[in-house]
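Each chain gets a letter, A, B and so on, in the order its sequence line appears, and its residues count up from 1.
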Amino acid sequence: MNDSEPRDFIRKIIDEDLESGKHAEIVTRFPPEPNGYLHIGHVMSICLNFGVAAETGGRTYLRFDDTNPGKESPEYVEAIEKDVHWLGFDWGDRLTHASDYFDRLYQSAIELIEKGVAYVDSLSAEEIREYRGTLTEPGKDSPYRDRSIDENLDLFARMYAGEFADGEHLLRAKIDMASPNMNLRDPAIYRIRHIPHQNAGDKWCIYPMYDFAHGLSDAYEGITHSLCTLEFEDHRPLYDWFLDQLQPEHRPRQIEFSRLNIAYAITSKRKLNALVEEGVVSGWDDPRMPTIAGMRRRGYPPEALREFVVRAGVTKKDKLIEMGALENCVRETLGDSAPRRMAVLRPLKVVLTNYPEDQVEVMEAKNHPGNPDFGTREMPFSRELWIEQDDFMEDAPRKFFRLKPGGEVRLRFGYIIRCDEVIKNDDGDVVELRCSYDPDTRSGTGTSDRKVKGTIHWVSCKHAVDASVRLYDRLFTEANPNAVEDFHSVLNPDSLETVSARLEPSLGELAAGETVQFERLGYFCKDAVDDGAIFNRVVTLRDSWAKLEKQALQQA
RNA sequence: UGGGGCGUAGCCAAGUGGUAAGGCAUCGGGUUUUGAUCCCGUGUACCGCAGGUUCGAAUCCUGCCGCCCCAGCCA
């Protein structure tokens, strides 16, 4: 990290705390609940928490906030660990669970009762809701609020012992039923749940609530800065209240920042889960999903994601960032790192009428235009080639400088060809082009100083490898699907199109999960989940021709 | 209508009394055997609005408006 890096308000606070000597070391935590997959919103939190610690030589815990058994599962913890690692962060031996602290938490709850600031309530869930009041009206005290300490201790012990059914009793903090902050109206501390815990086994039938468990877990781990999102801002008084009452050795500070939202994407675990459950997508790792697993499978490099959150910044303002900003980060990193290859997505046959029937030449193609370290590869060239349908236009506008009847174009790393004849089927569709090549224009021979305006990509028919290519588009048609009542109404029906493509031979050996650039088309990642030659389009290349076309259409 | 938070260009975002950084996008132009990349250039931002304080305010004060969050025994 260099000193000119912009400092967000959280890093400023941290710098100050280090300078003042308040803390000798920064300790943070990333605390996911294992009840779903991590998504782009979490990337921000992961990068922030692990980032500030790493930048200051501190440490970060990966702590599973597993206080609600029944909603959580090991499938998710496994996925979360994989995702955080993949993003580029390491928690070392600091993998913990809120459930690791259940014993201490239980003792702390007893301490609260002994101090007279917690009580066992025996109202029903519905009654508690009624007693809570509303946003504008104060709540009223539960009739059980003034139970004696001994009675509370006894009842809580029996809750622990399993003498009561779910919902029969509830341990609550005794704060203020009239507080304008709803979180302070005697919040729940422990509830009864006769469910075994995925990590703690069947030892417990009472489980602590988030507000109680989280702050104390932070304290137990010596977390200095507990960074979370804005919706927890009005929980902070409660976070501090527990610390004030219990006076743990370490005193963490909660700081909130705004969530990161991406346009045309959903980041609600509930809705993401619905997409999976309803089969709208193929799973949590469907390449259209804004999950880390989905983006990984799509082919987004972790560096791109990290760069993206840096650009997004850390503030308290609600953000809805353009999808293009993320895609641009992906393009930038892949532009440097992805080897170039050629592939034809929508094949149109070209026959070079003056090219010897059985001749095959080997063309040398650069693997990267700007970086010689990528080396070169060989591409077979023959009489019959596939080119992109979009690279031919019968009635081409002036500015279209690809192939047109009578026109010339350069075949990348090959020859200049001229279109002599257009062959159509009975429906009038163009099915084949008869062209002639200029033998003096072979790439790299020094005789190829002739200039033509356009260069297109190609694949030799008899050497081509078949593949299925998935072209992805945004999942929603609305910029902020989070805000739409029913997201089903704004699903993009064309978010996935699959085409049969022809690839240059070298692509046959590409390893699963590898990403290359199909020249002039975009970046494509060999799918790492499904078997066979399947490629996912990561992102298209910038396309100023498409832009021109769009403008022309709008003017017409 | 209770409490908390936020409002600087299309999207992000610096700036905390001295006269509006930067990134992305946009729009021009140059280079280019990817219409990619790269390189140059390009923005009058009513600093949410209205008053006030001040020689001077995005920055201080007052009032107003808009958006987000909170009434789970979820996190």
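Between B:C49 and B:C39, the two C1' atoms lie 43 Å apart (nearest whole Å). Comparing B:C68 with B:G15, their P atoms are spaced 27 Å from each other, to the whole Å. For B:G48 and B:G5, the C1' atoms lie 16 Å apart once the distance is rounded to whole Å. Between B:G51 and B:G10, the two P atoms lie 23 Å apart (nearest whole Å). Rounded to whole Å, the separation between the C1' atoms of B:C27 and B:U34 comes to 23 Å. Nucleotides B:U59 and B:G7, compared at atom P, are 13 Å apart to the nearest Å. Straight-line distance between the P atoms of B:G2 and B:G63: roughly 14 Å, to the nearest whole Å. Rounded to whole Å, the P atom of B:G28 lies 15 Å from the corresponding atom of B:U37.
Both tests do not hold together for A:K271 against A:F487: distance to the six-membered ring centre under 6.0 Å, angle to the ring axis within 45°. Figure legend: cation-pi geometry between A:R474 and A:Y264, with NZ or CZ positioned under 6.0 Å from the six-membered ring centre and within 45° of its axis.
In B:G72 the O4'-C1'-N dihedral to the base is within 90° of 0, which defines a syn nucleotide.
Going from atom NZ of A:K451 over to atom P of B:U32 covers 6 Å, rounded to whole Å. Whole-Å rounding puts the A:N480 CG to B:C11 P distance at 13 Å. Atom-to-atom, CZ of A:R412 to P of B:U32 comes out at 14 Å; the value is rounded to the nearest Å. Atom CD in A:E327 sits about 16 Å away from atom C1' in B:C12, given to the nearest Å. Straight-line distance from the CH2 atom of A:W458 to the C1' atom of B:U34: 14 Å, rounded to whole Å. We find that CE of A:M379 is positioned 18 Å from P of B:U33, with the value rounded to whole Å. Rounded to a whole Å, the CD atom of A:E322 is 12 Å from the C1' atom of B:G23. Rounded to a whole Å, the NZ atom of A:K453 is 11 Å from the P atom of B:U32.
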Exercise for review: Apply the test ring pair (Phe, Tyr, Trp, His ring centres under 6.0 Å) to residues A:F156 and A:F164: give CA-CA distance (whole Å), side-chain angles for both, the deciding distance (0.1 Å), then the verdict.
Suggested key: CA-CA 10 Å; A:F156 188 51; A:F164 308 114; over 10 Å; no
Exercise for review: Using the ring pair (Phe, Tyr, Trp, His ring centres under 6.0 Å) rule, take A:Y61 and A:F30 through it: C-alpha gap first, then chi angles, then the decisive distance, then the call.
Suggested key: CA-CA 6 Å; A:Y61 286 81; A:F30 173 61; over 10 Å; no
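B:G66 is paired with B:C6 under the Watson-Crick or G-U wobble criterion, all donor-acceptor distances under 3.5 Å. In this structure, B:U26 makes no Watson-Crick or G-U wobble pair, since no nucleotide meets both defining distances under 3.5 angstrom. Base pairing of B:C74: no nucleotide in any strand meets the Watson-Crick or G-U wobble criterion (both distances under 3.5 Å).
Of the two residues contacting RNA chain B, namely A:A325 and A:W545, the nearest-nucleotide position lying further toward the 5' end is that of A:A325. Projected onto RNA chain B by closest heavy-atom contact, A:K12 and A:F401 fall at different nucleotides, the more 5' of which corresponds to A:K12.
Residue A:T315 places at least one side-chain N or O closer than 4.0 Å to OP1 or OP2 of B:A13. In this model, the phosphate group of B:A13 is approached by a side-chain N or O of A:K319 to a distance below 4.0 Å at OP1 or OP2. Contact between the side-chain N/O atoms of A:R311 and the OP1/OP2 oxygens of B:C24 is not found at any separation under 4.0 Å. Dashed line: the shortest gap from a side-chain N or O of A:K317 to OP1 or OP2 of B:A13 is under 4.0 Å.
Among the heavy atoms of the strands, none lies under 4.0 Å from A:R236. A:F413 comes within 4.0 angstrom of a nucleotide base, judged by non-hydrogen atoms across all strands. Looking at heavy-atom distances under 4.0 Å, A:F400 makes contact with a base.
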Exercise for review: Would you give a per-nucleotide map of nucleotides 70-75 of chain B, 5' to 3', where B means the base has a protein non-hydrogen atom under 4.0 Å away, S means only the sugar-phosphate does, and - means neither?
Suggested key: BBSBSB
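You won't find any donor-acceptor pair under 3.5 Å spanning the side chain of A:T455 and the base of B:U34, going by distance alone. No donor-acceptor contact under 3.5 Å links the side chain of A:E137 to the base of B:G2. In this model, a side-chain donor or acceptor of A:R410 finds a partner on the base of B:U33 within 3.5 Å.
Counting heavy atoms from C-beta on, the side chains of A:R341 and A:Q517 never come closer than 4.5 Å.
Of the N and O atoms on the side chains of A:R377 and A:N367, at least one donor lies less than 3.5 Å from an acceptor on the other residue. Under the 3.5 Å distance criterion, with hydrogens and angles disregarded, no donor-acceptor pair is assigned to the side chains of A:S258 and A:D318. A:N35 and A:K269 share a donor-acceptor pair across their side chains, judged by distance under 3.5 Å alone. Side chain to side chain, A:R259 and A:H42 fail the donor-acceptor criterion of an N or O pair below 3.5 Å.
Side-chain proximity of A:I321 to B:U33, B:G5, B:C11: nearest is B:C11. Across B:C24, B:U34, B:C12, the shortest atom-to-atom separation from the side chain of A:L320 is found for B:C12.
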For nucleotides 27-30 of chain B, list the nitrogen or oxygen atoms of the protein found under 3.5 Å from its nitrogen or oxygen atoms, one pair per line.
unit_1, atom_1, unit_2, atom_2, d
B:C27, OP1, A:Q551, NE2, 3.0

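Interatomic distance, A:Y119 OH to A:L170 CG, rounded to the nearest 0.5 Å: 8.5 Å.
For A:F518 and A:F535, the ring centers are positioned less than 6.0 Å apart.
Ring geometry, A:F381 versus A:Y437: the interplanar angle falls from 30° to 60°, so the pair is classed tilted.
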